[in-house]
Amino acid sequence: MKKILTTLLVFLLSLTSINTAIYAEDKQDDSLARVEETGKLVIAASGTLYPIAFYNEDNELVGYTLDILKEVTKNMGLELEVKEMGVDGMMTSLDNGQVDLIAEGFDMTPERQADYLFSTPLIYSLGTAVVRSEDNSGIESVEDFAGKKAGGAASTTYMRTAQKLGAEPVVYDNSSNEQYLMDLVAKRIDFIPNDYYTIKSAIAFYGDQYPIKMADIFYNPTQAGFMYHKGAEELVKKINEEIEKLRESGRLQEIAEQYFNGENPSEPFKEINGTPIEDIPVIEY
């Protein structure tokens, strides 16, 4: 009887080892092989965020991250397929395998880095806000966010930080820049929290149409890039290699300067308005 039990135990342990091996095999990283087999890279982008991903006057979907990926996929011999969606649905689509990466330039927060992979940084920036020119929307410091209405997508780090500081959220679902700005000027919202480069570019583009300005407040230095599923190490590695080729050739800087008024957010800066970056406040949310 003892011999039978021992044999049964060995058999069960063998089955466990086999199942573990099969599970490990199923979990092998096929992220790069999959896009190479299908011949296309599927990405998530809003199509409404200037200058990241937006429609130009010729109704062409262009932008900083899109142009980078157009170069990358061309060099990899792949087709680029863009699925347009609101920011709040992008991570769900990534989790479900509907897209290979998010191209919206999400910040590399510790919370996100725990659950997702990121590319090499493509945007070094920091938080600020769009306000009304006539009165700064009553905002002279981040403490003035309290009691004000902040407009943005619910899941962005900027909206969450604004709420932490006491702002009332006014949530938009994949709305255009112009909708935000019209509501700001009409005082339906008081400020639009976002990153420095996106805001600066939007003001340069829309400043003649709307009485808006960048608030003289800065917080939370950031790094942003493409966001991937946790198991996509091989795809991340390959696309990072292609990004570095663009950087070394100077093409990455050309794309950046095209969309950011001659500035290059792919390189970190040391100070803002005379304040060293290390002295910019970091606000937990």
Side-chain angles (χ1 to χ4, degrees), residues 17-49 52-54 61-125 153 155-157 174 222-249 251-252 255-256 265-266:
S17 298
I18 292 170
N19 288 334
T20 300
I22 292 173
Y23 178 78
E25 184 176 346
D26 288 343
K27 289 295 182 180
Q28 286 180 354
D29 180 5
D30 66 344
S31 56
L32 177 59
R34 188 175 61 253
V35 300
E36 290 178 336
E37 181 178 351
T38 61
K40 63 182 178 182
L41 182 73
V42 184
I43 69 169
S46 66
T48 60
L49 181 60
I52 302 301
F54 65 101
L61 187 56
V62 298
Y64 176 55
T65 58
L66 287 186
D67 282 18
I68 291 172
L69 286 171
K70 288 174 184 177
E71 297 271 352
V72 166
T73 50
K74 180 181 70 175
N75 294 336
M76 291 176 63
L78 301 174
E79 173 192 349
L80 181 64
E81 179 180 329
V82 183
K83 291 192 175 182
E84 296 178 47
M85 62 187 73
V87 169
D88 293 338
M90 290 182 182
M91 283 185 278
T92 300
S93 294
L94 188 61
D95 293 339
N96 292 340
Q98 296 174 357
V99 299
D100 298 308
L101 64 86
I102 297 173
E104 200 74 356
F106 277 11
D107 290 340
M108 301 178 187
T109 64
E111 180 182 29
R112 287 173 179 161
Q113 288 178 311
D115 297 324
Y116 299 93
L117 297 178
F118 280 88
S119 68
T120 186
L122 296 170
I123 302 175
Y124 293 88
S125 191
S155 62
T156 68
T157 58
N174 206 31
T222 61
Q223 298 179 21
F226 302 138
M227 194 164 86
Y228 305 78
H229 193 272
K230 197 71 171 179
E233 288 89 352
E234 291 299 317
L235 182 60
V236 174
K237 179 181 177 182
K238 177 60 177 176
I239 292 182
N240 277 348
E241 290 173 356
E242 295 297 331
I243 292 172
E244 288 311 307
K245 291 177 184 177
L246 295 177
R247 190 188 306 277
E248 291 169 6
S249 69
R251 180 60 181 142
L252 182 60
I255 295 172
S266 69

Heavy-atom distance under 4.5 Å between the side chains of Phe106 and Met91, does that happen here?
yes

Are any of the side-chain heavy atoms of Tyr124 and Thr222 separated by less than 4.5 Å?
no

Over all heavy atoms of both residues, which pair between Tyr116 and Met227 is shortest? Give the atoms and the distance, please.
CB-CG, 3.7 Å

How close do Ala153 and Val87 get, heavy atom to heavy atom, and via which atoms?
CB-CB, 4.1 Å

Quick check for you: to the nearest 0.5 Å, what is the distance between Met85 atom CE and Ser46 atom OG?
10.5 Å

Under the salt bridge (Lys or Arg N to Asp or Glu O under 4.0 Å) rule, what do Glu248 and Lys245 come out as? Steps first, then yes or no, please.
CA-CA 5 Å; Glu248 291 169 6; Lys245 291 177 184 177; over 6 Å; no

Does a side chain donor of either Asp107 or Thr109 reach within less than 3.5 Å of an acceptor in the other side chain?
no

How long is the span from the CE atom in Met108 to the CG atom in Leu117, to the nearest 0.5 Å?
10.5 Å

Rounded to the nearest 0.5 Å, what separation is found between the CD1 atom of Ile239 and the CG atom of Leu41?
5.0 Å

Measure the spacing between CD1 of Ile43 and OH of Tyr228 and express it to the nearest 0.5 Å.
10.0 Å

Looking at every heavy atom in both Val82 and Ala45, which two are closest together, and how far apart are they?
CG1-CB, 4.1 Å

Backbone N/O of Gln113 and side chain of Lys230: donor-acceptor pair under 3.5 Å:
yes

What's the verdict on side chain to side chain contact (heavy atoms under 4.5 Å, CB included) for Leu49 and Phe54, showing C-alpha distance, side-chain angles and the deciding distance?
CA-CA 6 Å; Leu49 181 60; Phe54 65 101; over 6 Å; no

Has Tyr64 got a side-chain atom pairing as donor or acceptor with Leu122's backbone, closer than 3.5 angstrom?
yes

Note: Ser119 and Ile243 closest approach over all heavy atoms is CB-CD1, 4.4 Å

Pairs where residues 108-121 contributes a residue and the test salt bridge (charged side-chain N to carboxylate O under 4.0 Å, His left out) is met, not counting sequence neighbours:
Glu111-Arg160

Ser266 to Arg247 - nearest heavy-atom pair and separation
O-NH1, 3.4 Å

Spacing of CG belonging to Leu61 relative to OG1 belonging to Thr48, to within rounding of 0.5 Å
10.0 Å

Let me see the working for Arg251 and Ile255 under side chain to side chain contact (heavy atoms under 4.5 Å, CB included), right down to the final yes or no.
CA-CA 6 Å; Arg251 180 60 181 142; Ile255 295 172; 3.7 Å; yes

Roughly how far, to the nearest 0.5 Å, is CZ of Phe226 from OG1 of Thr120?
10.5 Å

Selection residues 31-40 - residue pairs positive for salt bridge (charged side-chain N to carboxylate O under 4.0 Å, His left out), sequence neighbours left out
Asp30-Arg34, Arg34-Asp100, Lys40-Glu81

Between Leu80 and Val72, is any pair of side-chain heavy atoms under 4.5 Å apart?
no

Answer yes or no: is there an ion pair linking Lys238 with Glu242, defined by an N-O contact shorter than 4.0 Å?
yes

Start with the C-alpha gap between Val62 and Lys70, add the side-chain angles, then the distance that decides, and say whether side chain to side chain contact (heavy atoms under 4.5 Å, CB included) holds.
CA-CA 9 Å; Val62 298; Lys70 288 174 184 177; 4.0 Å; yes

Tell me if a side-chain donor or acceptor on Thr65 pairs with a main-chain N or O of Gly105 at a distance below 3.5 Å.
no

Taking only Lys NZ, Arg NE, NH1 and NH2, and the carboxylate oxygens of Asp or Glu, determine whether Lys237 and Glu234 approach each other closer than 4.0 Å.
no

What pair of heavy atoms forms the shortest contact from Ile52 to Ala103, and how long is it?
CG2-O, 3.7 Å

I'd like to check Glu104 versus Thr156 (side-chain heavy atoms, cut-off strictly below 4.5 Å). Are they in contact?
no

